[in-house]
Structures are given as structure tokens and as C-alpha cells.
Amino acid sequence: MQLVVATLEDLRAELSSAFQQMVDSGPVSCGLSGGATALIYLGALRGARVDWSRVSLFWVDECAVPFTDPESSAGLARQMLIAPMTHERPRTFPMHAAGPDLEEAAVDYDHVLDRELSGEPLDLAIVGVGEDGHVGALFAGSPALQAQSRVVAIHDAPRGPRRRLTLSLPFLMSSRRIWVVAVGARKRAIVQAVVGRTGGETPFDLLVRYGEDVTILTDQAVSRGASGR
């Protein structure tokens, strides 16, 4: 696990530069999460000077709402990242979660991942983290944490919208690189607990502990003493 502590402006620059280096090295499959954190990293990605035709965008989680709803992860990405593009655009594979059958939607998206990734993991997943340690739509204590499929239907998220789709923890952890963006004073305690190895079994703890290549990017002053894997 790597830890990057910097100002918000420098974190955006770091994200933009690192993403540009990845795309310059070859095609990239990238999973995006939603929520308030997306407002930070989507702007950083938009500033990256890359050939977007080499990028395939997937989603880590999605609320069971239309893409026009403010809660939609894909809708936010379209507004902030994709719509402003004037030349090359990425291939996009949003989760269709607004229908009545979430289980069927999960299976459909699993098929999309299998077809487009040929059974391989994502090259990159960019996620935020909640103060309670949730990642995507995976919350502590949820039976969804035990799922072995790539996509899970969530019917009872502890905060609204309660119905969501999310990548499973095993599939998310298998991503070749994982960037966790944790910005703001409310994220300091959960980041410090994970970095200092004093946390528990939250999805964030598990993602950092077992993820292939995890980088935490934060603007909070946390101890680096136990930050190595």
C-alpha cells in the first residue's frame, strides 16, 4: 500500500499525471465510483492529456436511478468528464440499474465485464471511501461482502438510495491498480486507522489489506509509520 499526502490541488495534479502515464503505456480499463469523491477525481482525469480512445470506462457502483438523476454515478461522469470532450472519447459501459430487476441487471453487467475484459481484472479502479469505511456500495456487515460474483445487487444500503449495483469486493480487489481518494477532515480518522493498521474489517480495511496495488491519496495529515504492506 502506498500513501500520498498532499494538498487538494497537488492531489489533482498527481491523479492527472499518473492517469496520463498509464494511458501512454497502453489501453486502460478503468472503473469509476460515484459520490462526492467523484467531483474531485473526475476533474483531474478531465485535465489529463490522453488519447481517450484507448480508455474503456466501467463503473464500480451505481444507484438504481435514471442516468439523469443527480445520484447517478454514470450521469455525473457524463456531465463532468465525457460531455466536455471535443475529440476522442472513451468507450463507456455504464451499469443499467434503474430497472425493476436488480438481480438481472447484476447478471447483465457481469456479462459486459466478461465480454469486454475477457475474464481479466480492471487495470485501474478509482474509488472513494466513506467515514464508515464503505467502498462503492459495499458496507461493513453486509452479506454482499461474501459475494464471489463480479457484480452484486444491493437492496438495503444503509443510506439512500437503498437499491444499488456494485462490483464485488473480490473483483474490486483484483484490479491491477486501486486508487482510493480520501479528501476532507471527515475522512482522516478512517484513513489513519487503515494506515496505522488499527482498523477492523470494513470494506476499506479489506481492500487495502488484500488489494493488488493500492494507493491512498489524501489531503489529511496521517502517520506514515505503518503504511507499508
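Please read these numbers as outputs of a predicted model, since none were measured by experiment.
- Hydrophobic clustering (side-chain heavy atoms under 4.5 Å, transitive across Ile, Leu, Val, Met, Phe, Trp, Tyr) groups Leu102 together with Leu169.
- Gln20 is linked by a side-chain hydrogen bond (donor to acceptor under 3.5 Å, both in side chains) to nothing, counting only residues two or more places apart in sequence or in another chain.
- Side chains of Leu124 and Met22 form a contact here, defined as non-hydrogen atoms less than 4.5 Å apart.
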List the atom pairs, donor and acceptor, that lie under 3.5 Å between side-chain atoms in residues 137-154 and the rest of the protein, sequence neighbours left out.
unit_1, atom_1, unit_2, atom_2, d
Ser142, OG, Ala144, N, 3.1
Gln148, NE2, Gln146, O, 3.2
Ser149, OG, Val151, O, 3.0
Arg150, NE, Asp110, OD2, 3.1
Arg150, NH1, Asp114, OD1, 3.3
Arg150, NH2, Asp110, OD1, 3.1

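- Residues forming a salt bridge (charged side-chain N to carboxylate O under 4.0 Å, His left out) with Asp69 (at least two apart in sequence, or on another chain): none.
- Put simply, Leu165 and Leu117 are part of the same group of oily side chains (I, L, V, M, F, W, Y) that touch within less than 4.5 Å, one to the next.
- For the side chain to side chain contact (heavy atoms under 4.5 Å, CB included) with Ile216, the lone residue among Val195, Val5, Val222, Ile178 that qualifies is Val195.
- When the options Val23, Val28, Leu45 are evaluated for a side chain to side chain contact (heavy atoms under 4.5 Å, CB included) with Trp52, the one that passes is Leu45.
- Taking the side chain as every heavy atom from C-beta outward, Glu14 and Leu217 approach each other to under 4.5 Å.
- Here Asp108 pairs with nothing under the salt bridge (charged side-chain N to carboxylate O under 4.0 Å, His left out) rule; sequence neighbours left out.
- Between the OG atom of Ser174 and the CD atom of Glu212 there is a distance of 7.0 Å, given to the nearest 0.5 Å.
- Rounded to the nearest 0.5 angstrom, Leu167 CG and Asp61 CG are separated by 8.0 Å.
- Taking each heavy atom of Ala98 and Pro66 in turn, the nearest pair found is CB-N, 3.9 Å.
- Within the structure, the ring pair (Phe, Tyr, Trp, His ring centres under 6.0 Å) test picks out no pair touching residues 150-172 (sequence neighbours left out).
- At a threshold of 4.5 Å between non-hydrogen side-chain atoms, the residues Met95 and Ser73 do not count as touching.
- Sequence neighbours left out, the pairs with a member in residues 156-170 that pass side-chain hydrogen bond (donor to acceptor under 3.5 Å, both in side chains) are Asp132-Arg159.
- Here the side chains of Thr202 and Val129 are not in contact, with every heavy-atom distance at 4.5 Å or above.
- Taking CD1 from Ile82 and CZ from Arg46, the interatomic distance works out to 12.0 Å, rounded to the nearest 0.5 Å.
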Atom pairs and distances, donor-acceptor, side-chain atoms in residues 29-42, under 3.5 Å, two or more places apart:
unit_1, atom_1, unit_2, atom_2, d
Ser29, OG, Asp123, N, 2.9
Ser29, OG, Asp123, OD2, 3.1
Ser33, OG, Ile126, O, 3.2
Ser33, OG, Gly128, N, 3.4
Tyr41, OH, Ser33, N, 2.9
Tyr41, OH, Ser33, O, 2.3

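- Every pair passing ring pair (Phe, Tyr, Trp, His ring centres under 6.0 Å) that includes a residue from residues 80-114 is listed here, sequence neighbours excluded: Phe58-Phe93, Phe67-His96.
- In this structure, the separation between CE on Met1 and CZ on Arg209 is 11.0 Å, given to the nearest 0.5 Å.
- Salt bridge present: Glu120 and Arg176 bring a charged side-chain N and a carboxylate O closer than 4.0 Å.
- Applying the side-chain hydrogen bond (donor to acceptor under 3.5 Å, both in side chains) test to Ser53 and every residue at least two apart in sequence or in another chain returns Asp51.
- Scanning for side-chain hydrogen bond (donor to acceptor under 3.5 Å, both in side chains) contacts around Ser72 gives Glu62, with sequence neighbours left out.
- Side chains of Val50 and Glu88 form no contact here, defined as non-hydrogen atoms less than 4.5 Å apart.
- Side-chain contact between Trp179 and Val4: absent, with no pair of heavy atoms (C-beta onward) separated by less than 4.5 Å.
- The shortest side-chain heavy-atom distance between Val180 and Val214 falls under the 4.5 Å cut-off.
- Nearest heavy atoms, Ser25 versus Arg54: C-NH2, 4.3 Å.
- With sequence neighbours excluded, the residues forming a salt bridge (charged side-chain N to carboxylate O under 4.0 Å, His left out) with Arg91 are Glu116, listed by chain and number.
- The OG atom of Ser118 lies 11.5 Å from the CG atom of Leu113; values are rounded to the nearest 0.5 Å.
- In this structure Glu131 satisfies the salt bridge (charged side-chain N to carboxylate O under 4.0 Å, His left out) test together with Arg186, sequence neighbours excluded.
- The local environment of CZ in Arg49 is sparse, with at most 12 non-hydrogen atoms from other residues, nucleotides or ligands closer than 6.0 Å.
- A distance of 11.0 Å separates CG in Asp219 from CZ in Arg188, rounded to the nearest 0.5 Å.
- A continuous path of hydrophobic side-chain contacts links Val55 to Met80 [ILVMFWY only; heavy atoms under 4.5 Å].
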